[in-house]
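Atoms within each ligand, like the ligands themselves, are counted from 1 in listed order.
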Amino acid sequence: YESIQVGELAKAMGVKASDIIKKFMELGTMVTINQSIDPETAAIVAAEFGYEVEQAAIEEEQLLEYTPPSPEELKPRPPVVTVMGHVDHGKTTLLDAIRETDVVSKEAGGITQHIGAYKVKLKDGQEITFIDTPGHEAFTHMRARGAQVTDIVVLVVAADDGVMDQTKEAIDHARAAGVPIVVAINKIDKPEANPERVKSELAELGLVPEDWGGDTLYAEISAKKKIGIDDLLELILLQAEMLELKAAPDRPARGRIVESRLDKGRGPVATVIIQEGTLKEGDPFVAGITYGRVRAMLDERGRRLKKAGPATPVEILGFHEVPQAGDDFIVMPDEQKARKVAEYRARKQREAEAAKETKISLDKLFEKL
Ligand code: GDP
Ligand code: MG
């Protein structure tokens, strides 16, 4: 805001106007109740009363103001899938097998890089995005940070082993997040495989197969022998269709960091899943407490992209610092504003941490008393 009257400032702080006027006098200025004062002066006086006038907060909020897209802006988008399940039940093998079904990679070749997520294009042109960091830890970490990127969980259960602890945990996590589960009964190539037993164990946990009158989709696969992979992908698309996933492609991009690291040669790099809008090379952005400009955008095969739409995972170069998994990623009007928001957030975070420390030491003090 521009300026504030002495009387208004008093009201806002809940102190008497005469006290404020007195304070001004102590500071060597004579003011009247109707006089307008500039924000900096107001901040100084307010601080004397123990207030902090959060000029930056107001600007930051304005800079990040978000208008949800109108229904007309929304277009169908591919689903984003996370693979979960008990250790050794075949998550990594499955993610590798799915990656190989990608028609684009078959045409173009290229060396696959691990960037934390990838998108496959199926024969009929439909697409699915997979988060390539399996396990419920990444999932809960993201969710704890308010970052829900997953639309569907593929629950991998080995047909020779059945429901185990982490299977149950995965179900709990998916349910808590309100994300539907598609079951992949894996390792059906093994002689001791018993898919029916797995189904009944899961049915007891509420995942009743369709052919038993429930609504959970099941695929029987062998990730290792590449049996049933196409069926599983079909089921994922079927589940996605029921969710009617949409996003607005024609606006500045917003997304989430799914993975990040400091690359020796290239500096900070991070994989972002675009959740809305279209990201272009050169776009300025804020991500958590850091910011930057998209210097280059690469897909999981290291190919340069000029733009990326909803549900696309991209590796981005151009961060000032390494962001954290779960951080938001928001395109800003210019780099200066991006920096302002990032610095404000960093300051807030430091303040919150300092406040926490004070509280802890106070708690300790009281313990001793
Ligand atoms: P993760 O811990 O869930 O990621 O499991 P992995 O993908 O690492 O697989 C664990 C082990 O199971 C590996 O030795 C795989 O080769 C094996 N495996 C995975 N899928 C299959 C399958 O469909 N059939 C058989 N026979 N073995 C599999
Ligand atoms: Mg694994």
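Considering only non-hydrogen atoms, atom 8 (O) of ligand 1 lies nearest to T92 out of I188, T92, I221, V87. When H89, M84, K226, K224 are checked for heavy-atom proximity to atom 27 (N) of ligand 1, K224 turns out nearest. The residue from N186, V156, I227 that puts a heavy atom closest to atom 20 (N) of ligand 1 is N186. Looking at D189, D160, I185, it is D189 that brings a heavy atom closest to atom 25 (C) of ligand 1. Among L95, V83, T93, the residue whose heavy atom sits closest to atom 9 (O) of ligand 1 is T93.
Each of the following atoms of ligand 1 lies closer than 4.0 Å to a heavy atom of S222: 22 (C), 23 (O), 24 (N). Which parts of ligand 1 touch D88 is read off a 4.0 Å heavy-atom cut-off, strictly below it: atoms 1 (P), 2 (O), 3 (O), 5 (O), 10 (C), 12 (O). Residue K190 has at least one heavy-atom neighbour below 4.0 Å for each of these atoms of ligand 1: 26 (N). Here is the list of ligand 1 atoms found below 4.0 Å of a heavy atom in H86: 3 (O).
In summary, no N, O or S atom of T93 is located under 2.8 Å from the Mg ion (ligand 2).
In the model, H86 has no side-chain atom that pairs as donor or acceptor with a side-chain atom of D165 under 3.5 Å. Remark: the Q126 side chain and the D124 side chain contain an N/O donor-acceptor pair separated by less than 3.5 Å.
P323 pairs in a side-chain contact (heavy atoms from CB on, under 4.5 Å) with only one of the listed residues (V286, I289, T290), which is T290.
Among the atoms of L94, none of the N or O lies under 3.5 angstrom from an N or O of ligand 1.
Ion pairing between K119 and E300 fails under the 4.0 Å rule for side-chain N and carboxylate O. With respect to the salt-bridge test (charged N to carboxylate O, under 4.0 angstrom), the residues K199 and E220 qualify.
Contact annotation: K225 has no heavy atom less than 4.0 Å from any atom of ligand 1.
The closest donor-acceptor contact from the side chain of K225 to the backbone of D189 lies at 3.5 Å or more, if one exists at all.
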T93 vs D96, side chain to side chain donor-acceptor pair (under 3.5 Å): CA-CA, chis, key distance, verdict: CA-CA 5 Å; T93 312; D96 289 345; 6.0 Å; no
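Of all heavy-atom pairs spanning F130 and I128, the tightest one is CE1-CG2, 3.5 Å.
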